[in-house]
Amino acid sequence: MPHTQHEFANRTVNSCRGFHWIPSLQHSPCGPRTNVETHEGKYSANKASEVQKRSFGSAATQIQRNPAYSELTSDDVSYFKSILGDNGVVQDEDRIAVANVDWMGKYRGASQLLLLPKSTVEVSKILSYCNTRRLAVVPQGGNTGLVGGSVPVYDEVIVSLAGMDKIISFDNINGILTCEAGCVLENLSTFVENEGFIMPLDLGAKGSCHIGGNISTNAGGLRFIRYGSLHGNVLGLEAVLADGTILDMLTTLRKDNTGYDLKHLFIGSEGSLGVVTKIAVLTPAKLPSTNVAFLSCNDYTSCQKLLLAARRNLGEILSAFEFMDNHCIDLAMRHLEGVQNPLPASQTKFYILIETTGSDESYDKTKLEGFLLRSMEDGLVADGVIAQDISQASNFWRIREGISEASVKVGAVYKYDLSIPVEKLYDIVEEMRCRLGDNAEVLGYGHLGDGNLHLNILSSKYDDNRLAQIEPFVYEWTSAQRGSISAEHGLGLMKAEKIHYSKSPEAVQLMASIKKLLDPNSILNPYKVLPQSVL
Ligand code: FAD
Ligand code: MLT
Ligand code: ZN
C-alpha cells in the first residue's frame, strides 16, 4: 500500500532502515511536467525604449537604439515571405507580443517580425539578407532565458528556431544524439530514455527550452555535478554566421585535435556570434536505480560538510546535490500548487536535495542509507526523508525546481546567479538580508555541488532605490571573492555592461575582436553579452 504523505513525512532518516526504495526511479519524471508559461508582462507594450530606464536589475544603464540598424520595410517582409513562405513570417500582434517578452515578464522588446525558418539554408538566407540590409536579429529558442537575452531590446527581427525540431540520428552504441537546435529538451530526454540513455543536462525549464538555447547559454542545471558542462558533452555543432556562412562542425567524434575547437565559441555566446542550427551531444547511459533524499541541516557549515561527505561517500552514484534555504521552502509552500513540505515543520534553516543514480539497486540503497545515518550521527543532518515512490520524489524535485516559478508570482524578482567558493556562498545572502531589512524577501538556493548560488530578491514591485541597495554591491562582493557574476544563466541584456566584474579588460577586448570578426555589422543579438563601449 502506498504511504500517505503524512506517514511519509514522519519517517526520518533516523528510522530509515525500513525504507522502501523504488528500483527504477528516473529523474526526468520528477520535474514539473507542464510547460514553462510566459508570464504576462507588467508594463505596457511597445515601449521598448523604456526597458533600459526601468530598474529591473542591471538594466539601469541607458542604451540607445543603434542608428546604424535599418528599420523594417514591407520589401523586407516580402523577401522573407519569398524564402520562408507565409507561415514562416509572423506579423500577428498576439504572437509577436509573446515573443517580445521574456519568461519573467521583465524585459520587453518592440519587434514587429518573427521568422520561423525550417532549415539551416533558410537561416542562412535570413542572416545573409539581414546582414546586407543591416537589420538586427535576435535568435530565440524556448524563450526561458533569465537575463533578457532572448527578446529584442528595440525592433530587432526575432528568428525563432521552433520550427527546426527534428531528431537527425541517434547512435545507440555510443549514445550520440544529433538533432536540430529547436528540439525541446524534454522531448529529447524522452527520446533518448526510450533508447536507454539520458540527456547530460536537466533543468526546470525543460518543457520549453530548446537544446540550441541550452547550448547558446551553456546551461548548467541539475545534472552538472555528475555529467559536467556542455563544453564537455557537445561533440559538434552547426552554426550560421552573421553573413549567412554555414559553419559545419557537426562531428560526432570523441577526440579531434585538428586546430582550434571552434564549436566552443558558440557554446555560451548567447546568440551573439552565430545561430546554432544543429548539434551532436553525448548522452550518458540510463542507469536503473535512482534515489532522492530531502534533508534539513541546522546551519550552513553542516551543508558544506555534507557536500564533502557526499562526494567522499556517495562518490560515483551522486547525481545531484541541491541547496535551498528555509525562505525558499516557505515560498514554495505558499505559491506552488499541490506541493507539500516533506519534513515536519521545524526551525531548520537549510534544506538539501540529494539524488543518487547507479546501476545496482541494493548497493545504491545500502550506500545512501548508510551515508544518511552517519550524517545524522555526525550531526550534519537534522532530519530527512528518502522518497519511496515516484510521486514523493516528484514532490521533492518540484519544490526545488519550482522556486523560480514561485518567485515570479511575488511580483518583482531581482535575480542573481553567482559562482562563489562554497565556503563563502551563503555570506552574500545574509549580508543582503542585513542591507535590505524587512523590505524584501531574500532567497538563497542553487547547485551547491557546483558552487553556484541563486540569489533572488523578491518584492511586490521594481523600485530604483531597492536596486541601488543591491547593485553594484552584489557584483563588487562577488568580484572580491574572484567569483563569477554569471554561473550559468549568461549575461544577456541584464549583465552585458557588468562583464568587467568577472573578466579582465584584455579578455573583454579579445571577445570584442572575435565578435567583430564574426559579425562585423553587429547584427546578432545587439546590446547583449558585451558592453557597448568595446564594440
Ligand atoms: P532562450 O531563452 O530562447 O535564449 C537564451 C539565449 O540564447 C538568448 O541570448 C538567445 O538569443 C540565444 N539562443 C537561443 N537559441 C539559439 C540558437 N539556436 N542559436 C543561437 N543563439 C540562441 N538555466 C540554467 O543554466 N540552469 C538551470 O537550472 C535553469 N533552470 C531554469 C528554470 C526555469 C523555470 C527557467 C524559466 C529557466 C531556467 N534556466 C536555467 C534558464 C534557461 O532555461 C536556460 O538559459 C536555457 O538554456 C535557455 O534555453 P532557451 O531555449 O529557452 O533559450
Ligand atoms: C534554477 O536552478 O532553479 C535555475 O537556474 C533557475 C533560477 O534560478 O531561477
Ligand atoms: Zn540553476
Side-chain angles (χ1 to χ4, degrees), residues 25-39 102-104 140-147 149-150 160-162 164-167 170 175 177 179-195 197-230 233-234 267-268 276 279 281-284 286 290 292 319-320 322 332 336 339 353 355 357 390-391 393-408 417 445-447 450 452 454 487-490:
L25 174 68
Q26 291 304 316
H27 178 196
S28 61
C30 307
R33 310 303 294 174
T34 49
N35 276 5
V36 170
E37 62 191 51
T38 298
H39 288 256
D102 76 316
W103 182 82
M104 294 178 289
Q140 190 172 84
N143 198 9
T144 66
L146 297 171
V147 290
S150 54
S160 166
L161 277 288
M164 293 180 62
D165 61 352
K166 285 192 270 313
I167 289 171
F170 187 69
L177 171 73
C179 67
E180 291 183 324
C183 291
V184 170
L185 178 60
E186 190 167 43
N187 296 343
L188 294 178
S189 286
T190 306
F191 173 84
V192 298
E193 282 187 26
N194 287 335
E195 301 283 335
F197 292 83
I198 61 166
M199 292 300 285
L201 80 161
D202 186 23
L203 48 149
K206 59 179 153 287
S208 296
C209 64
H210 295 180
I211 190 69
N214 300 148
I215 286 170
S216 302
T217 54
N218 188 24
L222 307 160
R223 292 181 181 156
F224 191 100
I225 191 172
R226 175 74 165 260
Y227 299 112
S229 156
L230 285 172
N233 293 306
V234 173
I267 302 174
V276 176
I279 61 123
V281 65
L282 192 60
T283 66
K286 177 176 164 179
T290 296
V292 190
S319 54
E322 293 291 317
L336 300 179
V339 302
L353 185 157
E355 185 193 71
T357 309
I390 287 192
S391 99
S394 298
N395 181 50
F396 297 0
W397 273 114
R398 176 78 181 118
I399 294 169
R400 168 60 189 88
E401 292 186 291
I403 298 169
S404 26
E405 185 188 325
S407 294
V408 293
D417 162 40
Y445 62 101
H447 316 287
D450 313 325
N452 181 180
H454 293 310
E488 60 173 9
H489 295 165

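Numbering starts at 1 and runs along the sequence shown. This is a predicted model, so every value here is computed, not measured.
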Going through the checks in order, is the side-chain contact (heavy atoms from CB on, under 4.5 Å) test met by I399 and L336?
-> CA-CA 8 Å; I399 294 169; L336 300 179; 5.6 Å; no
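- A distance of 9.5 Å separates CD1 of I198 from NZ of K286, quoted to the nearest 0.5 Å.
- Contact annotation: the side chain of R400 approaches that of H447 to within less than 4.5 Å [non-hydrogen atoms, C-beta and beyond].
- Within the model, atoms OG1 of T283 and CD of E193 stand 10.5 Å from one another, a figure rounded to the nearest 0.5 Å.
- Note that the CD1 atom of I211 and the CG atom of N187 stand 11.5 Å from one another [nearest 0.5 Å].
- Rounding to the nearest 0.5 Å gives a distance of 11.5 Å between CG of N214 and CG of N233.
- With hydrogens and angles disregarded, no donor-acceptor distance shorter than 3.5 Å links the side chain of S319 to the backbone of R226.
- Contact annotation: the side chain of D202 never approaches that of S189 to less than 4.5 Å [non-hydrogen atoms, C-beta and beyond].
- The nearest pair of heavy atoms linking V292 to A393 is CG2-CB, 4.0 Å.
- Taking NZ from K166 and SG from C179, the interatomic distance works out to 11.5 Å, rounded to the nearest 0.5 Å.
- In this structure a side-chain-to-backbone donor-acceptor pair under 3.5 Å is missing from E186 to K206.
- In terms of heavy-atom proximity, G490 sits nearest to V147 at O-CG1, 3.5 Å.
- V408 places a side-chain heavy atom less than 4.5 Å from the side chain of W103.
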Kindly indicate, with the supporting measurements, whether the criterion side-chain contact (heavy atoms from CB on, under 4.5 Å) is fulfilled by E322 and W397.
-> CA-CA 10 Å; E322 293 291 317; W397 273 114; 4.2 Å; yes
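- The closest side-chain heavy-atom distance from P200 to V281 is below 4.5 Å.
- Scanning both residues, N218 and S229, for their nearest heavy atoms gives OD1-OG, 3.5 Å.
- Side chain of Q140 to main chain of S150: a donor-acceptor pair is present (N/O by atom type, distance under 3.5 Å, no hydrogens or angles).
- For the side chain to side chain contact (heavy atoms under 4.5 Å, CB included) test with C209, the passing option among T144, N143, V184 is T144; the others fail.
- Side chain of E488 to backbone of G221: a donor-acceptor contact under 3.5 angstrom is found.
- Considering CG of L201 and CG of L185, their distance stands at 5.0 Å, rounded to 0.5 Å.
- Contact check for L177 versus I167: side-chain heavy atoms found under the 4.5 Å cut-off.
- Among all heavy-atom pairs drawn from E401 and L203, the shortest one is OE2-C, 3.7 Å.
- Under the 30°/60° scheme for interplanar angles, the aromatic rings of Y445 and H454 are found to be tilted.
- Minimum heavy-atom separation, M199 to R223: O-NH1, 2.7 Å.
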